[in-house]
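One structure is given here, and the rest of the page talks about it.
Each ligand, and each atom within it, is numbered from 1 in the order the structure gives. The figures that follow rest on heavy atoms only: side chains count, while hydrogens, waters and symmetry mates do not.
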Amino acid sequence: MTVYSRIAGTGSYLPAQRVTNDDLAQKVETSDEWIATRTGIRARHFAAEGELSSDLALKAVEAAIASAGIAREEIDLLIVATTTPDHTFPSTATVLQNKLGVYGFPAFDIQAVCAGFIYALTIADQFIRSGTAKCAVVVGAETFSHILNWQDRTTCVLFGDGAGAVVLKASEEPGILASKLHADGRYKDILNVPGRIKNGAIDGDPWVYMDGGAVFKFAVRALSDVAVETLALAGMEKSQVDWLVPHQANIRIIESTAKHLHLSMDKVIVTVDQHGNTSAASIPLALDEGIRSGRIQRGQTLMLEGIGGGFTWGAALIKY
Ligand code: ACO
């Protein structure tokens, strides 16, 4: 019998504070027109003072558990994809496990920046298909607002905070059909936070740095290629994809990727306009939005894909 990882439920959470481009223009020399035409972003949410990635993750997981109709005692694996962990250690996953109040099963973080959710989903799928786990919770949670440099208008307007989660259950029915991960460390310098914690202080620059043009070029090619590779692994065609659920960094990257997949934009879940780039949280946030809005239906085929600093990238083809 083939065992699949099937999405049993999804959930997401955006912090209360919504910040529009016009709001940002009050403190940064920018405009709604500049941001919207280049990125598609109109608004993003920022966590409140003291609100951490595990707090956003908890709310997303609670919603995912409710939608899956499971008891939290059934969870036997917890993976959190985050670039903005609560602490250097312990992991945000163990902090979240304690907040959930269920203990003993493995819980760990994955750091692959904006590709983190695809990495975490693929790892959870391996646990389930090998029989090691039966009910995994996979979360993407970020408080990117904590690492934004308000003196750098080329990056600070792009990101937002949020969390999304899925409950994956072992099933005889098809779920995750194929996935593919990549990394290429030669590109580490075009998108990063170079600083580190050393002797009780930050050694180096603690803010997000990005070479936007280089990232753009790399992202379009890598995302298009990995989607094709993942379809080939599943023995499927581009025409069989019902929905593209991409990482939400920039509408122009999303449009180019959709074009390469021969998908019209009405087959793409877009949340970048309202969420900005929430890094590892963006794909599960978009997935939950697509499902809760009634657009994504059971039985449909979804292509999830993401790319992030490192560089890291990957895709997952899913029968929902
Ligand atoms: N508001 C107003 N003007 C700005 C802003 C701003 N926020 N930021 C930059 N500018 C100005 C620049 O100073 C520059 O002015 P100049 O010509 O007088 O020097 C001008 O706008 C053009 O700047 P560029 O950096 O060349 O702008 P570009 O058109 O390349 O757009 C952007 C920048 C949007 C970042 C683009 O490179 C891009 O979309 N890159 C993709 C990267 C991305 O989306 N990354 C997301 C994170 S990575 C990830 O998730 C994988």
When you check ligand 1 against the protein, what N or O pairs turn up below 3.5 Å? List the atom names and distances, or just say none.
residue  : atom   : partner : partner atom : Å
ligand 1 : 1 (N)  : Thr30   : OG1          : 2.6
ligand 1 : 3 (N)  : Trp34   : NE1          : 3.3
ligand 1 : 3 (N)  : Arg153  : NH1          : 3.4
ligand 1 : 7 (N)  : Thr30   : OG1          : 3.1
ligand 1 : 7 (N)  : Arg153  : O            : 2.9
ligand 1 : 13 (O) : Arg153  : NH2          : 3.0
ligand 1 : 21 (O) : Trp34   : NE1          : 3.1
ligand 1 : 29 (O) : Arg38   : NE           : 3.0
ligand 1 : 39 (O) : Asn250  : ND2          : 2.5
ligand 1 : 39 (O) : Arg252  : NH2          : 3.4
ligand 1 : 40 (N) : Gly212  : O            : 3.0
ligand 1 : 50 (O) : His247  : NE2          : 2.8
ligand 1 : 50 (O) : Asn277  : ND2          : 2.9

- Query: Is any NZ, NE, NH1 or NH2 atom of the basic residue among Asp55 and Lys99 found under 4.0 Å from an Asp or Glu carboxylate oxygen of the other?
  - Reply: yes
Can a donor-acceptor pair be found, under 3.5 Å and without considering hydrogens, that links the side chain of Gln248 to the backbone of Val272? yes
The reported gap from CG in Leu52 to CG in Asp161 (rounded to nearest 0.5 angstrom) is 10.5 Å
Can the positive tip of Arg44 be found less than 6.0 Å from the middle of the six-membered ring of Phe159, inside 45° of the ring normal?
no
Hits for salt bridge (Lys or Arg N to Asp or Glu O under 4.0 Å) against Glu229, two or more places apart or cross-chain, chain-then-number order -> none
Check: Can we say Lys134 and Asp76 salt-bridge, meaning some charged N sits less than 4.0 Å from an Asp/Glu carboxylate O?
Finding: no
